[in-house]
Amino acid sequence: TAAADVKVVFYVSSIAGTTNIAPVQTSAVIPQGANSVTVPVNVIDNKVIEGDEQVRVSLMLAQMKRFNKNIALDVNDLDTVSLTVADDESNASGREMMIEKTADATEPATPGAFRVHFADAQLSAAKDVKVAYTIAGDAVADARYKQLSGTVLIPAGENGADIEVIPVDNTIVEGDETATVQLQTVSSSIPGVTWPLAAGNAASVVIHDNDTLVVELFADVTTAEEGS
């Protein structure tokens, strides 16, 4: 213990960009006669997948005021402590990726759409999330709709993203056909997070045909005689 209050200044590693850790104070006072002081690290509970986050603290200086003088105390500036804040959203239910149809397409120019999103409507991620998918169905790409890329990016902070199905207008009578998207993999640069697929990992958009075929019946002659 010390005969007077001891002010301790320490370095706190940058926590810019973290969403689970509130700002941490960079100094504290050990009261006269006490052996230590507690520095709180406050945790922010949210609905963001960010992975476990870490904060590091290192001593910089310590001093006490005695007889109107600041007396410097020895510190080990190589002494560093780390604290890890575990992210509960990284393995919570609701992070499953799913897809649903939000609109059908119609020739000549009405697009259809899929919505790819986390099962929990309030959930998002701290970094972009990439979702890969395959395309099937009886509608032929570039004949009935413009070719899809096979991936969609959910921006950081968003719950989902849309895949637009743009119809190709033609003069062929095909009838209504479908384009089916099946989710395959989900990935992100966030470490230590798994990205499962929901049971609803496939959906179909109907592409409505606007062409019609008219069959007309006519004769080569207007009159015919018996026996001819």
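Side chains are part of it too, since the values below use all heavy atoms of this structure and drop only hydrogens, waters and symmetry mates. Since the structure is predicted, the reported quantities are computational estimates derived from the model, not experimental observations.
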Do [X] and [Y] come within less than 4.5 Å of each other through their side chains, counting heavy atoms only?
X    : Y    : answer
V206 : H208 : yes
L123 : E89  : yes
V57  : V39  : no
Y133 : L148 : yes

Quick check: are there more than 12 heavy atoms from other residues, nucleotides or ligands sitting under 6.0 Å from NZ of K7?
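It does not: K7 NZ has 12 such atoms or fewer within range.
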A141 and Q147: which non-hydrogen atoms are nearest, and at how many Å?
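Closest approach of A141 to Q147: CB-OE1, 3.1 Å.
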Looking at P167 and P111, what are the two nearest heavy atoms and their distance?
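Here P167 and P111 meet closest at CD-CA, 3.8 Å.
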Donor-acceptor pair between [X] and [Y] side chains, under 3.5 angstrom:
X    : Y    : value
Q54  : T84  : yes
D138 : T178 : yes
E100 : H117 : yes
Q182 : N201 : yes
S90  : R95  : no

Report the distance from atom CE of M60 to atom OG1 of T26, rounding to the nearest 0.5 Å.
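So the gap between those two atoms works out to 8.5 Å.
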Please list all pairs meeting salt bridge (charged side-chain N to carboxylate O under 4.0 Å, His left out) that have one or both residues in residues 142-154, counting only residues at least two apart or in different chains.
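Only E107-R144, R144-E174, R144-E177 qualify under salt bridge (charged side-chain N to carboxylate O under 4.0 Å, His left out).
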Should F114 and M98 be regarded as members of a common hydrophobic cluster, given that ILVMFWY residues are connected when their side-chain heavy atoms come within less than 4.5 Å of each other, either directly or indirectly?
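No, because F114 and M98 fall into different hydrophobic clusters, even though each may have its own neighbours under 4.5 Å.
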Any chain of hydrophobic side-chain contacts (each under 4.5 Å) joining V131 to I190?
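Yes: a chain of side-chain contacts under 4.5 Å links V131 to I190.
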Among all residues two or more places apart in sequence or in another chain, which pass the side-chain hydrogen bond (donor to acceptor under 3.5 Å, both in side chains) test with S58?
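For S58, the residues satisfying side-chain hydrogen bond (donor to acceptor under 3.5 Å, both in side chains) (neighbours in sequence not counted) are T80.
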